[in-house]
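Since the structure comes first, as structure tokens, the remarks are kept for the end.
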Amino acid sequence: MRMLRPVVAAAALGAALLCGSPPAHAFSAENLPSVSVSPDFAEPRETVSVTVTCRQANVRKSVVTSDAFDPVTMLSSQAGESIMSSTTVIRNVPPGRYRVTSTCDGSSTSSTTLTILPAGAPHMVPQGGARTGGGSMAPNRQVTAAGGGALLASGLGLLAITLRRRLARR
């Protein structure tokens, strides 16, 4: 009985924390604005496409700023339209990474990064995933897996025996 009380208390505390937490949609990406630049790398004087998503239905305007290009003001054509897109030309700036920031109706902001390449640099787009190995962090060893399985099985067996004894005492 002494062991059962802490388990019940921990379960009650976990349920209280779970029930008292704010709704999941309060922290989801659905409520946050976003900005993207395509392509996300370019040379000076090239044109890039900027797309902004303002997730609130009443947003009508977004201003996109960056040190890499002149400010871009985007207006939605319909009420409730949340995705706006425009193109802009990169200024003659030195190579490097530049922050691109979108401000929806002067309140909510989001940002991304635009990489400016040196003039004449090859625009190589990687194909596929990074070649990092076999897909696991450690080699696949059957002895280790068998040992882990044996430990798990013995722990579950010990738990079953303990619960059976506790229920038999009642």
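Keep in mind that this is a model prediction, so the values were computed, not measured. Numbering of residues begins at 1 and proceeds along the displayed sequence.
- Between the side chains of S102 and S62, at least one donor N or O lies within less than 3.5 Å of an accepting N or O.
- With P44 as the partner, the side-chain contact (heavy atoms from CB on, under 4.5 Å) test is satisfied by one option alone out of V89, N92, L117: N92.
- With values rounded to the nearest 0.5 angstrom, I161 atom CD1 is found 11.5 Å from L156 atom CG.
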Practice prompt. Would you please test V64 and V50 for side chain to side chain contact (heavy atoms under 4.5 Å, CB included) and show each step?
Written response: CA-CA 8 Å; V64 179; V50 180; 3.9 Å; yes
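- Rounding to the nearest 0.5 Å places CG of D40 at 9.0 Å from OG1 of T113.
- Between E43 and I90, every side-chain heavy-atom pair lies at or beyond the 4.5 Å cut-off.
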Item to complete: Begin from the C-alpha positions of T112 and V37 and carry the test side chain to side chain contact (heavy atoms under 4.5 Å, CB included) through to its verdict.
Response: CA-CA 8 Å; T112 189; V37 181; 3.9 Å; yes
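- V63 and F69 end up in different hydrophobic clusters when Ile, Leu, Val, Met, Phe, Trp and Tyr side chains are linked at under 4.5 Å.
- D70 and T88 get closest at one heavy-atom pair: O-OG1, 4.3 Å.
- Within the 4.5 Å cutoff, the side chain of P39 has heavy atoms near those of the V48 side chain.
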Practice prompt. Before giving the answer on side chain to side chain contact (heavy atoms under 4.5 Å, CB included), spell out for S38 and T51 the whole-Å C-alpha distance, their side-chain angles and the decisive distance to 0.1 Å.
Written response: CA-CA 8 Å; S38 179; T51 304; over 6 Å; no
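- Annotation for R99: atom CZ does not count as buried by contact number, only 12 or fewer foreign heavy atoms lying within 6.0 Å.
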